[in-house]
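Before any comments, here is the structure.
In what follows, every heavy atom counts, from backbone to side chain, and hydrogens, waters and symmetry copies are set aside. Just follow the structure's listing: the first ligand is 1, and inside any ligand the first atom is 1. All figures in this text were calculated on a predicted structure; none of them were measured in a lab.
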Amino acid sequence: MGDAAAGRTTGWPIARRGLMLVLSSPSGAGKTTLSRKLLAADPAVTLSVSVTTRPPRPGEIDGRDYHFIDAGRFDAMVARGDLLEWARVFDHWYGTPRAPAVAALAAGRDVLFDIDWQGTQQLREKARSDLASVFVLPPSIEELEKRLRSRAQDPEDVIRRRMTQATEEMSHWAEYDYVVVNADIERAFADVRAILAAERLKRERQPGLSAFVRELQGKL
Ligand code: 5GP
C-alpha cells in the first residue's frame, strides 16, 4: 500500500499510519546492508538521513549517507529544536532531522532509522506507539571483527575501539522489540521484512479499519 491510501478513510486499501522502524547494532553487524536492501526492495520505506559532525569515509556521499555538518551547525539545529533525537557516538555527534521524518510519516510512509541505542531511547520516549525497534546481532565476536576489518576503511586504533564499543552497544539488546542475528544476510533480511509486514498490520496502525469494517457490514 502506498501514498494513495494515506489520505483515505474508507474502502480498500485501508488507510494506515506510517511507522518508525529503527535498526540498531554494533558497527559491523550488517545493519547498513540490511537498510540498503530494505530501501531497494520496498518503495514505501524512506530512510532518515542523519546529520553528523563525523568526517565522511571514502565513498560516502553528503546527503545520501549523512548530512555532514560542523559542530556549530549541529549546535544550532539542537537549539532550534530541529532534531528529533541526538547523541554522541564515538567522538562525534549524530542526530535525526525532525522535518523530513515528520513529513514522511504524515504522508503514510514508513521511516527507517539507522541510529544507536541512545537515539532509540529518545524516540521511544517521544513516539512509543509509532516505533518498531530491531536490534541486529552478529553471529559471533570473531565474525564481527572480521567484518569490521574487511571494510578496511578505519585505522587499527579505531577498529579496536569499535570492538570495545560493540560490547557496550550489545548490552542494550533487551531494550528492543525484536532481535535479529545476522548469520546469513538473506535470512536476516527476510526477518526484517517479516517484522515490518507484521508491524504494518497492527490494528492501531490502520486508522481506516473501523470505517472499512462498517462498510463490509453494510452500515455506511
Ligand atoms: P557510523 O559513524 O559508523 O556511520 O555510525 C556510528 C553509530 O552512530 C552507528 O551505530 C549509527 O547507527 C549511529 N548513528 C547514526 N546516525 C545517528 C543518529 O542520527 N542518531 C543516533 N543516536 N545515532 C546515530
Side-chain angles (χ1 to χ4, degrees), residues 20-39 45-71 73-78 80-102 104-105 111-127 131-138 144-145 147-173 175-176 178-180 182 188 192:
M20 302 163 85
L21 181 69
V22 169
L23 283 186
S24 295
S25 75
S27 8
K31 167 188 56 170
T32 309
T33 311
L34 286 171
S35 302
R36 290 206 180 126
K37 283 174 80 69
L38 186 59
L39 290 165
V45 179
T46 304
L47 177 69
S48 165
V49 179
S50 297
V51 292
T52 183
T53 59
R54 150 167 101 55
R57 295 200 187 104
E60 283 185 331
I61 296 173
D62 188 36
R64 185 196 69 176
D65 300 291
Y66 283 104
H67 300 288
F68 296 99
I69 61 175
D70 61 26
R73 273 188 67 197
F74 191 95
D75 291 346
M77 289 187 83
V78 171
R80 280 198 305 264
D82 287 350
L83 299 181
L84 264 183
E85 62 74 33
W86 67 95
R88 194 167 176 84
V89 187
F90 309 118
D91 296 327
H92 302 286
W93 290 100
Y94 295 80
T96 300
R98 181 187 300 275
V102 168
L105 289 170
V111 184
L112 175 64
F113 299 85
D114 172 343
I115 60 176
D116 82 334
W117 63 271
Q118 304 175 82
T120 308
Q121 277 185 356
Q122 294 171 49
L123 290 189
R124 196 179 302 114
E125 278 157 23
K126 285 178 186 157
L131 196 73
S133 60
V134 183
F135 199 82
V136 183
L137 285 171
L144 183 76
E145 181 161 2
R147 289 181 193 169
L148 276 180
R149 290 191 181 285
S150 70
R151 290 208 304 210
Q153 289 179 344
D154 292 318
E156 179 65 25
D157 62 321
V158 173
I159 290 173
R160 289 261 59 85
R161 279 182 55 210
R162 289 203 168 202
M163 286 301 294
T164 310
Q165 304 261 2
T167 316
E168 155 65 18
E169 177 86 22
M170 282 191 282
S171 69
H172 294 278
W173 66 274
E175 296 158 26
Y176 285 73
Y178 301 91
V179 177
V180 169
N182 180 16
V192 171

Donor-acceptor list for residues 53-61 side chains, cut-off 3.5 Å, not counting sequence neighbours:
from	atom 1	to	atom 2	distance (Å)
T53	OG1	W93	N	2.9
R54	NE	Y94	OH	3.3
R54	NH1	E60	OE1	2.9
R54	NH2	E60	OE1	3.4
R54	NH2	E60	OE2	3.0
R57	NE	D154	OD1	3.4
E60	OE1	R57	N	2.8

Salt bridge (charged side-chain N to carboxylate O under 4.0 Å, His left out) against E156, all qualifying residues, sequence neighbours excluded: R149, R160

Set of salt bridge (charged side-chain N to carboxylate O under 4.0 Å, His left out) partners for E169, sequence neighbours left out: none

Can you pull the residues with any heavy atom under 4.0 Å from ligand 1? K31, S50, R54, R57, Y66, E85, A87, V89, F90, Y94, G95, T96, D114, I115, D116, G119, R162

Side chain proximity check, K37 to V192, heavy atoms < 4.5 angstrom: no

Just by distance, do the side chain of S50 and the backbone of Y66 share a donor-acceptor pair under 3.5 Å? no

With a 3.5 Å distance limit and no angle check, can you tell me whether E85 reaches the backbone of T120 through a side-chain donor-acceptor pair? no

